Amino acid sequence: MAANATPLLEVKDLHGHYGESHVLHGMTFDVHPGEVVTLLGRNGAGKTTTMRAIMGLLRKRAGSIRYQGTETVGLQPNKIARLGIAICPEERGIFASLSVRENLLLPPVVLPGGLTVDEVHELFPRLEERRNSQGTKLSGGEQQMLAIARILRTGAKLLLLDEPSEGLAPVIVQHIGQIIRDLKKKGFTVLLVEQNFHFASTVADRHYVVEHGRVVDMVPNDKIAENAARLEAFLGV
Amino acid sequence: MFELLGIPPQALFGQLLLGLINGAFYAMLSLGLAVIFGLLNVINFTHGAQYMMGAFGAWMLLNYAGIPFWGALVLSPIIVAIIGMVIERTLLKRLYHLDHLYGLLLTFGLALILEGLFRRQYGSSGLPYNNPLPGGTNLGFMFLPNYRAFVVVASLVVCIATWYVIERTKLGSYLRAATERPDLVQAFGIDVPRMITLTYGFGVGLAALAGVLAAPAYQVSPTMGSNLIIVVFAVVVIGGMGSIMGAILTGFGLGIVEGLTKVFYPEASSTVIFVIMAIVLMVKPAGLFGTAK
């Protein structure tokens, strides 16, 4: 990635707490416009917590998170969303009391330039077929599609995708990989949390390796082959 | 057939209408409680006092400002809702991260304070409020007083409109989603704390509106809320906490059941709702329309 470009997201010495337990110990990394970047690491390394901290869902956070130069530590989640960041949470967060269509239309448009509903349906035809179903009646894969689809309309430029491949059949994981590559082509910037680095290597430009709440290494995707053995050992796969 | 049972139709339909009126108040009050509980997770024990304040608001607007019933029907709920929103902003919002019990204790304490203040100022004997729609229609089988018919229709319209907004509109989809996952809805860019304040204001406004409607039908008294609210909580338990349609149907349904009990077995009329509550709790602990959390 060009070193002279200003990062879209710049995380510096980020600390985070859940109650009394100190989970993030000085996370530092950045994401440039148009990049797909992963946070790789084992369960409990602090990847999801980092996502929650960026979104403002983790209240006890210290350090610096700059988005397009704006400091967001201290902002409420709704203010952070309005800057152009959107999250697809690990548990997907599909609302049971809303239909598929209501789920899709729920996140308000925060900035111009998002996809139209028709463009979203082009990417996810299945969601149009099932638009009147209850949100949680969808299969796991469809719920994952819906969770990604609904944040594409909002005009958010930075998408936080938390383990979109988790618990899904290989063919659906491939489909989601294709969608992430499409999103990159459309100009979205993606921060991806993954444990599955084989999947991550098919979509990402760079990988940050996270352990015990800090970044311990950065591997560009074109160097992933020579680092594969080390990464596998590290992730314990 | 009625004569066979020894009950004149006048008495039957008269009680049925009274039951329907009570049901209208149960429905409006339990609807407000259900909306507030759904989003705030607070069991609003101040609800009865806010209903009473709605009635007193109408009385004060008339006697101090000369504003008649129809003006008070709009103004009093708005004023009481604003007072409610101030209470939410200054007191209730500090309790959301704590157990339900704290919200219950705070709102119960507030209810006692409000009731005490009104009793000190206006005594406990009750104040009259003139019927704005005197007269009635003879339907042949019964006499239908105009104001009672108005109360039933107005309450039905308000309940159905509330149901429609919550279940069928975009605004309602925010409310439903925030009831499930307020954090995620806020992370999509919606100002959930403001939504909570407005929702509390709306629920309180509904209680006050019921209070204004009750002023001409009953007396305006400081204890009118605490007498009613115990029954309304039983209605909410039977319908199931958090269900909108459940609150409406159970409210009207139990009002009618209570009215019919007055005809066929008057001795049980004040306890029948609690008997039903006990049975429902044994058979369906989450309530008729509720889902177990």
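Here is the naming used below: chain letters follow the sequence lines, and residue numbers restart at 1 for every chain. On a predicted model such as this, the values are computed, not experimentally measured, just so you know.
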* Asked: Salt-bridged, A:E102 to B:R176, with N to O below 4.0 Å?
  -> yes
* Got a sec: does the NZ of A:K79 have more than 12 other heavy atoms crowding it under 6.0 Å? -> no
* Under 4.5 Å heavy-atom distance to chain B, tell me which part of A:I80 shows up: side chain, backbone, both or neither. => neither
* **Proximity breakdown for A:R101 and chain B, heavy-atom pairs closer than 4.5 Å** => neither
* To do: Give, as side chain, backbone, both or neither, the part of A:I94 having an atom under 4.5 angstrom from any heavy atom of chain B.
  => backbone
* Is atom NZ of A:K12 surrounded by more than 12 heavy atoms (other residues, nucleotides or ligands) closer than 6.0 Å? -> no
* For atom OH of B:Y102, decide whether the heavy atoms of other residues, nucleotides or ligands shown that lie under 6.0 angstrom number more than 12. => no
* Just give me the residue among A:N103, A:L106, A:L57 that pairs up with chain B most often, heavy atom to heavy atom, under 4.5 Å. => A:L106
* Please state whether the side chain, the backbone, both or neither of A:T154 comes within less than 4.5 Å of a heavy atom of chain B. => neither
* Taking everything shown except A:Y18 itself, do over 12 heavy atoms lie less than 6.0 Å from its OH? -> yes
* **For chain A, which residues of residues 181-203 of chain B have heavy atoms nearer than 4.5 angstrom** => B:R181, B:D183, B:L184, B:V185, B:Q186, B:A187, B:F188, B:G189, B:I190, B:D191
* Structure fact -> Within residues 107-116 of chain A, contacts to chain B at heavy-atom distances under 4.5 Å involve A:P107, A:P108, A:V110
* Asked: At a heavy-atom separation under 4.5 Å, does A:A96 approach chain B through its side chain, its backbone, both, or neither?
  -> both
* To do: For B:F150, look at atom CZ and say whether over 12 heavy atoms of other residues, nucleotides or ligands are found less than 6.0 Å away.
  => yes
* Could you tell me which portion of A:L83 (side chain, backbone, both or neither) has an atom closer than 4.5 angstrom to a non-hydrogen atom of chain B? => neither
* **Neighbour count above 12 (heavy atom, 6.0 Å) for B:K170 NZ** => yes
